[in-house]
Amino acid sequence: MPASHLLQASMVRRVAVIGAGAGGLASVKWCLEEGLEPTCFESSEDIGGVWRYTDSTDSRRISVYHSVITNTSKEMSCFSDFPFPEDFPNYLPHSLILEYLRMYARHFDLLRHIRFQTRVLSVRKRLDFTTSGQWEVVTEADGVRESHIFDAVMVCIGHYQEPHLPLASFPGIESRFKGQRMHSWEYRDVQDFRGKRVLVVGIGNTGGDLAVELSHVAAKVFLSIRSNTWVVSRVSKNGFPLDMVSTTRFNHLLEWLLPSALTRRIKFRKFNSWFNHTNYGLASSKSSKFKMIINEELPFCLLSGTVVLKPNVKEFTESSAVFKDGTTEENIDVVLFATGYNFTFPFLEESVRSTIDDNRSLYKRVFPPQLEKPTLAIIGLIQLTGSIMVGSEMQARWVTGIFAGWSKLPSPSKMTAEVVKRRPPVKRNPSERENLKMSFISYMDEIAVCAGVKPRVLRLLLTDPQLALAIFFGPCSPYQYRLVGRGRWSGARAAILTQWQRALKPLRTRVVDDSSNSSSSWCWMCLLALPAALTAGFLLSKYPQPSWSPWAGPQV
C-alpha cells in the first residue's frame, strides 16, 4: 500500500469534535485515550444531544419527547467501560440517560475539552490538504467568529438533524386541509391534544409510541401505515429485557446456518405467538419486506379501539383524510407526521458534502473514501438493531486509533470500490431509513476486527470456558469488546459475568423466596452447551457472519 495513503501517528495531534451528544463525548474520551488533543464544539449550552429534553421548539434543536423510554436496555446501551448504575431501571427515561452522560463526562474529565454555545460554520480542507490532511474550522460564539486549524475532524451530530416532512406525497395537506399539521419533533406531551381527533402518519417506533400516548386523552387516534410492521415487546423470556435475551452470538450464528426462508418462518411464528399480526392488519407472513417496532401497548389499543389502524393516505380535504382503500375519516383536527429525519452537514465544504448521499457512501459507514487523507470521520450516522450509543463508541475507538497511527486504512481507490460494491442500486426514501439499518453484532464485529478488539471466543473456550459461554450464549453486551486489544479494560470480565445481576437489581424492591438453585442450572447449561460452543466457535472464526438478525429488536 502506498505510504501516501497511510495515516502516520505524527500527522494528527489536534482533533475537532463537532457535537457533545453521546457520540461526541465518546469521541473526546477516545481521543484522550490515544494521546490526541480534542476540542469539542457544541452549539447549545449543555451536553446530551437529543437526550437533553426541552419543552421549547423555538431553537429547532431536536430532542426526545417527554415520555420517551429507551428501546435498548441499560446493559446493552452503556459505554464499554462504564456500566449504568445497578439501581437504574433496565429501560430508561431521557432524564436518566442524560444523568448517565453527565456521570460519564465527569468521570473521564471531558467537560474541560468542550466549548459550549459555539456553532461550527464551516469545515474546509486547507490548501495543502493532499500532504497535511488538515482542516480549517470556522466557529461562532457570542457573535465572534474564529478560525482554527485541526489535523482531523470527527462529526458527531448523528442522523436526527432535519425533520422529514413529505407534504408533496399527501395531496391537499397544504392547499385544502384546515386543521393543524406538525412533525413529531415538535411533539412534547399530550396536553394540546385532549379531546381531539388525531391522525398519526408513520409507524416507526415514534409513530407507535405517540399513537398510544395520544389515545389516553384524544377523542380518537388513527394510525396510518403503508408497510408490513411486526410489533414486539421489550419484555422477553422470564421477564428479562428483549435485547439481552435475543442479541446473542448463538442466535446470530443460527441465523447464518439456517436457510433464510426457515429463519423467516421461525421469526414470524415467534412474533405471532403474542398476537396474530394479520388479524390486526399489521403484517402478513407472506411478505418479505417489513419493519419491526417495539411497543407493548399498541396491540391493546388496537384491540380496545382507542387506536384505529388505517392504510396510506390518498388525499386530504378541508377536514378529513381519504385513504388508499377508499375509506374516509371525518373531522380530523391534527395530522402528526412521524416520518423520520433527514441528515445534512451544511458546514462541510461542498466537495465533501455532495459525496455523502447516505451512510453507505462512507467506508465502513464512517470515512468519506474519496479524500486524499482520511482525516474526516462521521460518527453515529448509523441505525442498528441495537444501541446507536454503543455503535458510535466503537466507531470513535477505531477512528482515534487510525488518527493515532496504530491502525491504517486501505487506499482511497480500494475504499471507494468497497463502498460502490455495498451501495444499493436504487436511492431510497430517507423516511424509510433501510439504508441506515444494520445488524448490531455484524457491524460491531466488523469495526472491532478493524480495531483489533473482537473477542476470541474459541481461544477463550480453552482458557476461560465460563467467560466464553457467557459471551457466546449470553447478551452481546459492549463489555465484550474490552477483553482484548488496545483499550483493554480490566473490569470487562467481571462486568460480563455480573450483567444479569445488574438487570435484576432494580426489580428486587420486594424479594420473594425462591428455592430454585440457579447456580446449579447454570453449571448444567455450561456442560451441555460446551460441545455446541466449540463447534460454533470454530465456525465463527472460519466463516463470514450474517448482515442482519431476525431476533434483534430495533433501538431508539
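For the single chain, residues carry numbers from 1 onward in sequence order.
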Between L282 and N228, is any pair of side-chain heavy atoms under 4.5 Å apart? no

Between N205 and N295, do the side chains contain an N or O donor and an N or O acceptor separated by less than 3.5 Å? no

Note: K125-E350 ion pair, threshold 4.0 Å (strictly below): no

Could R106 and D109 be called an ion pair, given the rule that one side-chain N must be under 4.0 Å from one carboxylate O? no

Please identify each residue that fulfils salt bridge (charged side-chain N to carboxylate O under 4.0 Å, His left out) with D189, with sequence neighbours left out. none

With F129, which residues qualify under ring pair (Phe, Tyr, Trp, His ring centres under 6.0 Å), at least two apart? W135

Lys/Arg N to Asp/Glu carboxylate O, D81 vs K29, below 4.0 Å: yes

H113 ring center within less than 6.0 Å of F41 ring center: no

Taking the six-membered ring for Trp and the full ring for Phe, Tyr or His, determine whether the centres of F440 and H252 are under 6.0 Å apart. no

How many angstroms lie between CG in L36 and SG in C31, if you round to the nearest 0.5 Å? 5.0 Å

Check: Y53 ring centroid to H94 ring centroid under 6.0 Å: yes

Ignoring hydrogens and geometry beyond distance, is a side-chain donor-acceptor pair present between N71 and Y91 at under 3.5 Å? no

Ion pair check, R422 and E418, cut-off under 4.0 Å: yes

F343 vs F345 aromatic rings, parallel, tilted or perpendicular, using cut-offs 30° and 60°? tilted

Residues S44 and Q117: side-chain donor-acceptor under 3.5 angstrom: no

Pair W398 + F403: ring centers closer than 6.0 Å: no

Fit a plane to each ring of F84 and F88, take the angle between them on a 0 to 90° scale, and name the class: parallel (under 30°), tilted (30 to 60°) or perpendicular (over 60°). tilted

Side-chain ion pair, E136 and R124, N-O less than 4.0 Å: no

Tell me if the aromatic rings of F323 and F222 count as close, with their centers under 6.0 Å from one another. no

With no hydrogens and no angle check, just 3.5 Å: does a side-chain donor-acceptor pair link S73 and D243? yes

Ion pair present between E33 and R486, side-chain N to carboxylate O less than 4.0 angstrom? no

Between E45 and R52, does any NZ, NE, NH1 or NH2 come within less than 4.0 Å of an OD or OE carboxylate oxygen? yes

Do S411 and S413 get their side chains close enough for a donor-acceptor pair, meaning under 3.5 Å? yes

Could you go step by step and tell me if Y443 and Q395 meet the side chain to side chain contact (heavy atoms under 4.5 Å, CB included) rule? CA-CA 10 Å; Y443 186 69; Q395 290 178 328; 2.8 Å; yes

Short question: side chain of T70, backbone of L92 - any donor-acceptor pair under 3.5 Å? yes

Can you tell me how the ring of Y341 sits relative to the ring of H183, calling it parallel under 30°, perpendicular over 60° and tilted otherwise? perpendicular

Any L376 side-chain heavy atom under 4.5 Å of F367 side chain: no

Does R115 come within less than 4.0 Å of E42, counting only side-chain N to carboxylate O? no

Among side-chain atoms of D151 and Q134, is any donor-acceptor pair under 3.5 angstrom? yes

Check whether the ring centres of F82 and Y100 lie less than 6.0 Å apart, and answer yes or no. yes

May I ask you to check whether F170 and F337 place their ring centres under 6.0 Å from each other? yes

Residue pair Y479 / E75, side-chain donor-acceptor N/O under 3.5 Å: yes

What I want to find out is whether R353 reaches E349 closely enough, with some N-O distance under 4.0 Å, to be called a salt bridge. no

